[in-house]
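Notes follow the structure.
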Amino acid sequence: MNWDETENLYIEGDNLEVLKLLQRSYHGRVKLIYIDPPYNTGKDFVYHDSFKDTIENYRIQSGLGGQSNAGTNGRFHSIWCSMMYPRLRLARELLADDGILLMSIDEIEQRNLRLIADEIFGEVNFVGTVVWNKRVPKNDNKGLGNIHEYVLIYSRSPLKYQLTMRKDGLEEIEALLADMKQEGIPIPEAERRLKAFYDENEYDRAITLYNCLDDNYRPWGKINMSWPNANTFGPRYDVLHPITGVPVKVPDRGWRWKKETFDTQLADGPTYKRHDGSVVQGAIWFAPDENTQPSSIKYLSDVSDMLLRSILSLKSDGGVEVERLFEGKSFFSYPKPTSILEALMSSVKASDGIFMDFFSGSAASAEAVMRLNATDGGTRHMISVQLPEETDEGSIAREAGYMNLCEIGKERIRRAGAKIAAEIDEANKQLRLGEDPKPVPDIGFRVLKLDESGIERPKPGELLLDVVKPDRTDEDIIFEMMLKWGLELTLPIEKVDAAGYPCYSVACGELVCCLADGLNMQALDAIADMEPRRVLMLDRILDDTTKLNAVQAFKRVEEKTGREVELRTV
């Protein structure tokens, strides 16, 4: 979908092998990794890695005749931990220096996951735990109404910024104010409606404090200017009321600011009288007379974010989201809602860069990234990795024609992307005065499948005239070489004509691939004119003369550009 332009990837295959292959191309480049791994419930574990120790040997050495987790092979936790450890090791190497790892988990393996991540990332890089209150309890608990899960947060290096979240209701408040401004509602009436709106929606004080409006309908609130420390005293000085010219009341414990700071705030903007008789001078509010202590003012737009809360109460409606996209059909058990993923992902100070989920499952994270980009105009790119686990015989998914989870995940991204595009198109038809139309974010994705190398390795003493496996396409070989050369898999690939010779150019000459017969000196000169950085040629299309001509052609490029042209043959 949008193959030539998209910068999103969907990779089908075992995530352990995929993470290994991505190391060269994406090492230190991923801004955020979110994973929702199997919770080890005894029935959803499908990653069967190979372990050296046998179950029989384990039982002999441990002396276990029975086991604590009935129905398992006796290594209930250790197999899960052995599955997670190498994947997190590789994930750490992909993260940028300021990158963040978010991991959903429940009670069964939360403590083990914490120990593994502490060892790999270091305890100093443990940012904290977010408890997700799902509001609705699961029915498979052991006598307790379990309504929560955890999200463990780790950073690649000590975190140099704060994780934040938008205050509740800002979008609704902004819409209300925009409508009142467009209708020309007088400021006093607009303030009354705003306060009533706050009361109706029971917003937190962090919002309702900002209930005054300036002439441009921007909400602001009053901030107390008294000295905040009860054990000490602040400076004392006279402040003249802008109308009466009489000194205002000085707080009992002195002012919060030095006089120089106060004067600077007074000069920070115009002076105007409000409808209630109060006065705003710069960034300071004064009552109608000098008998009330003045306050500093702060605009809501300047404090729209707050620290990410350690408890997030968001309804677990991920299944409903999937059903809406698939005409009422539910294909997943407890898929994550995009609301919790958007809250977590938006807490990171990055509206661009690479985001990754290597337990993609229902592809909720891919939809969350697209929705975030649609909301804030960001350019985040998503890499989703999922094992093509087969759907069960007789399941709703199988009856709908989906043979594995990847097929459902890809279709979910397609449908979610189309829905987002339609929503933006509809919103752009109803723009408010002065509002710019929203662009549609990148809703496409390239699909790649993990497989063995497309290049045959000759056996000892064997001479192969063509090392490319017969079932492989040119694109298969190009993507394999992009990985080996450390190039991103979303770079544009185009077929170009080099003096009549067909070849492929990746990212305008970052890599030129010569895979067809008929390579001659004229074609080599034309390729050299592209000033490529890397060139791939098949041995079977070369003879001694062509090899020598190739070396000479690219040597001229090196002399002209001052950089080496990497030439590789297979």
Side-chain angles (χ1 to χ4, degrees), residues 164-226 228 239-246 248-249 251 255-257 261-307 346 375-377 427-428 430-438:
T164 60
M165 61 186 293
R166 292 262 291 173
K167 292 178 179 176
D168 290 336
L170 288 181
E171 288 76 13
E172 291 82 358
I173 295 168
E174 290 167 358
L176 172 66
L177 294 171
D179 288 341
M180 290 194 295
K181 180 179 179 180
Q182 189 164 347
E183 293 175 25
I185 303 296
I187 295 297
E189 173 62 15
E191 287 184 348
R192 188 195 67 77
R193 293 188 186 184
L194 177 62
K195 293 172 185 177
F197 186 74
Y198 287 162
D199 293 339
E200 291 170 7
N201 291 275
E202 298 182 348
Y203 286 125
D204 186 87
R205 186 173 181 274
I207 289 286
T208 58
L209 174 68
Y210 300 88
N211 52 32
C212 299
L213 299 176
D214 67 6
D215 291 340
N216 201 34
Y217 294 79
R218 291 194 305 160
W220 56 270
K222 304 168 189 173
I223 311 297
N224 192 305
M225 294 184 65
S226 301
V239 174
L240 301 182
H241 191 278
I243 302 298
T244 67
V246 178
V248 300
K249 180 182 178 182
W255 297 105
R256 177 186 293 263
W257 296 334
T261 303
F262 198 106
D263 291 341
T264 299
Q265 294 297 312
L266 282 174
D268 187 23
T271 299
Y272 61 93
K273 192 171 184 179
R274 285 175 38 82
H275 57 84
D276 58 0
S278 63
V279 178
V280 173
Q281 181 176 358
I284 307 295
W285 171 88
F286 292 88
D289 58 46
E290 66 276 2
N291 296 319
T292 302
Q293 179 186 311
S295 301
S296 65
I297 67 174
K298 183 79 73 174
Y299 284 92
L300 179 59
S301 58
D302 295 330
V303 289
S304 58
D305 291 341
M306 59 185 178
L307 287 176
S346 62
T375 299
D376 62 16
N428 286 341
Q430 306 173 43
L431 294 176
R432 296 183 178 89
L433 187 65
E435 186 179 6
D436 294 327
K438 280 188 176 182

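Throughout, numbering of the chain's residues begins at 1 and tracks the sequence.
- In terms of heavy atoms, Pro294 sits closest to Val248 at CD-CG2, 3.7 Å.
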Trp255 vs Val239, side chain to side chain contact (heavy atoms under 4.5 Å, CB included): CA-CA, chis, key distance, verdict
CA-CA 10 Å; Trp255 297 105; Val239 174; 3.8 Å; yes
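- Between Arg193 and Ile185 there is a side-chain heavy-atom pair separated by less than 4.5 Å.
- Rounding to the nearest 0.5 angstrom, the gap separating the NZ atom in Lys298 from the CD1 atom in Ile223 is 7.0 Å.
- The side-chain heavy atoms of Lys222 and Cys212, taken from C-beta on, include a pair separated by under 4.5 Å.
- Side-chain contact between Ile187 and Tyr217 is present, with at least one heavy-atom pair separated by less than 4.5 Å.
- A donor-acceptor pair under 3.5 Å links the side-chain atoms of Lys167 to the main chain of Val303, judged by distance alone.
- Judged by distance alone, with hydrogens and angles left aside, the side-chain atoms of Glu191 form a donor-acceptor pair with the main-chain N or O of Leu213 at under 3.5 Å.
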Any chance you could lay out the side chain to side chain contact (heavy atoms under 4.5 Å, CB included) test for Asn201 and Ile173, step after step, and finish with the verdict?
CA-CA 10 Å; Asn201 291 275; Ile173 295 168; over 6 Å; no
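- Taking every heavy atom of both residues into account, His275 and Pro188 meet most closely at CG-CG, 3.5 Å.
- When side chains are defined from C-beta on, Arg166 counts as touching Glu171, because their heavy atoms get closer than 4.5 Å.
- Considering every non-hydrogen atom in both Ser295 and Met225, the closest pair reads C-SD, 3.5 Å.
- Of all the heavy atoms in Ile284 and Gln265, the pair that sits closest is CD1-CB, 3.9 Å.
- The backbone N or O of Asn216 lies less than 3.5 Å from a partner atom in the side chain of Asp214, making a donor-acceptor pair.
- Formation of a donor-acceptor pair under 3.5 Å by the Asn211 side chain with backbone atoms of Thr208 is found in this model.
- Within the 4.5 Å cutoff, no side-chain heavy atoms of Trp220 are placed close to those of Asp302.
- Put simply, CD1 on Ile207 and CE on Met306 are 8.0 Å apart, with the number rounded to the nearest 0.5 Å.
- With values rounded to the nearest 0.5 angstrom, Tyr203 atom OH is found 4.5 Å from Glu172 atom CD.
- Looking at Asn224, its side chain does come within 3.5 Å of a backbone N or O of Ser226 through a donor-acceptor pair.
- Side-chain contact check for Leu266 versus Asp263: some heavy-atom pair is nearer than 4.5 Å.
- Tyr210 and Leu194 make their closest contact through O-CD2, 3.9 Å (heavy atoms, listed as atom of the first residue, atom of the second, distance).
- Of all heavy-atom pairs spanning Leu240 and Gly245, the tightest one is CD2-O, 3.6 Å.
- Between Pro288 and Asp276, every side-chain heavy-atom pair lies at or beyond the 4.5 Å cut-off.
- Proximity of Asp268 to Thr264: side-chain heavy atoms (C-beta onward) are nowhere separated by under 4.5 Å.
- Side chain of His241 to backbone of Asn291: no donor-acceptor contact under 3.5 angstrom is found.
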